[in-house]
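Every chain is numbered from 1, with letters handed out A, B, ... down the list of sequences. Everything numeric here is computed off the predicted structure, so don't read it as measured data.
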Amino acid sequence: MLPMTTTFSGSSGPVVAGAPPGASLPAKRRDPRDPRGSRRPARRHPAHLLRRWVSPIALVGLWELASRTGVLEQKTLAAPSTVFAKAVDLARDGTLGSATLVSVERVALGFVIGASIGLALAVVAGLSRAGEDAIDPPMQMLRTLPHFGLIPLFIIWMGIGEAPKLALIAMGVAFPLYLNTLAGIRGVDRKAVEAARSMNLTWPQRLRHVILPGALPQTLVGLRQSLGIAWLSLIVAETVGADDGLGYMINIAREFLQTDTIVVGLAVYSLLGLATDAVVRYLEKRALAWRV
Amino acid sequence: MARLTDPTPDRTPDRTPDRTPDRTPGPRTADLPVASVRAHSRAFGRHQVLRSIDLDIAPGEFVALLGRSGCGKSTLLRSLARLDKVPAGEVEIRGRSAVAFQEPRLLPWRRVRDNVALALLNTSERGDRLARAEATLHEVGLDDKLDAWPLELSGGQAQRVSLARALVSNPSLLLLDEPFSALDALTRIEMHQLVIELWRRHSMAVLIVTHDVDEALALADRVAVLDHGRLAHTWTVGPRRDDRAPSNPEIARIRTEILGALGVRPTPPRAQHDTQTHTDQGAA
């Protein structure tokens, strides 16, 4: 590594909801050229990659075998082949597509609401002492609440329609984004801000060119966390009660002991989660290219 | 000769110093000072950091401000850079000032060219900003680093970018806050040559804050020593910059005096770095 002469501190790791303030996990990416990290090869050998697929495929094969021989009953867990056939059926008749669309819309709307609130609060708290004094104490207290525990209150306040589901997702999203963005803004190198001031950059210019980009790495860590929580909140909200969406599909299947449909629903949930994580990872790669 | 103290504070305020392109480096008495400090005092709590400082910097003059750590020299530079609020009338800057700090303070998420161009954000259009940034980076010898990320640079390269960022706005006063103290000795010598070169080409005044007597003697027209918040002593360095070897009796004399003012018993000078020639004697 070249001597680092810039004293700018980037993200130090995610700030974890539920952990004491300032607690963070080591999330530093390993530089592939860093000799200290060379115990593990940067890019795995293809044969090695192939080997890593052996045990998952074997497990699925075992599962299929157990189902075919009757050891694993259909009402307990449907066979992989049955699940796959069911997925094709559900996709063909449009059930799966419309249910997925409803769930995605739901999580997107909840995410946008929660992210807006979390980011706005973090920016206000991060940029002014008064804002921090006003916003941070209640946020630090509220973040210790397990937000799923609020479902009964949400139902009393908002009924069982769309509102409590969105509120649950938004609440799950707002906190990790708030905590990480605030930590990011706090971590911005004051000396870099001062240098910008010496160049006669106005306050909005310093915000746009120094403070917000400086907070971005930590904000992206928060984004990744909050997206994970968004999907989790969606699943919980839809399982508690829904008239449409993937959760509804799963609930109906439960009534009829259709384990194949349930597994299809679960698979779609996890694929969606993987997809959003891939999007964030792509964003990180683009936005943090400077971390050579 | 520029004065340490100016007995005539009443002057026409609107006149800006005019620049002649064919000027020779060195202090000029005809123009108004680019920086005037008058009875400037600063205190942090009960700690008096600066006590009634009077200092003029003439256009094109190269001044070194020497002092032990904690003597208030960085505080004075911050006043001149308008980084701290200063009582009205105590510090006056005519024209633009720019700072290069001890650390490069580059924005790691902007490429080298964009880091430099940022200093022009309020003065010109984007295309022009980038062109000027490239021209200035060329001057500091970093043509091949325009698109590099700051984290890819060595310490000396990063400090060159920092210098380019300060220069790109064409300041009439360049403030250097111990800019070379974190560099290795060889890089520091190169940077000294570069700074002198840039100072000769551009017509700006330079104030360098340093605790290195030899650095001050190699670079400056005038050396001022700050002691316990007072600007106590000042020396004009007479010999040409290519004739400032430690063997030069006048340099040796000034050096001894400055060290005395700093409360240090004189020692043999270490490697002297001139702008034109290197003498290796004394390198130990």
Problem - Interface moiety of B/A119 toward chain A, non-hydrogen atoms closer than 4.5 Å - result: both
Problem - Selection residues 185-213 of chain A - residue pairs positive for ring-ring contact (aromatic ring centres under 6.0 Å, His included), sequence neighbours left out - result: none
Practice task
Indicate whether the side chain of A/Y178 and that of A/D136 have a donor and an acceptor atom separated by less than 3.5 Å.
Solution key: yes
Completion exercise
Counting heavy-atom pairs under 4.5 Å with chain A, the top scorer among B/L118, B/L120, B/L175 is B/L118
Problem - Largest heavy-atom contact set with chain A, pairs under 4.5 Å, which of B/V99, B/L121, B/T123 - result: B/L121
Exercise for the section: Salt-bridge test for B/E134 and B/R132: reply yes if a basic N is under 4.0 Å from a carboxylate O, no otherwise. Expected result: no
Practice task
Report yes if the distance between the aromatic ring centroids of B/W199 and B/F62 is under 6.0 Å, otherwise no.
Solution key: yes
Problem - Partners passing salt bridge (Lys or Arg N to Asp or Glu O under 4.0 Å) against B/E139 (at least two apart in sequence or in another chain) - result: B/R201
Exercise for the section: Give, as side chain, backbone, both or neither, the part of A/E194 having an atom under 4.5 angstrom from any heavy atom of chain B. Expected result: both
Exercise for the section: Select one option (side chain, backbone, both, neither) describing which atoms of B/R111 are under 4.5 Å from chain A's heavy atoms. Expected result: neither
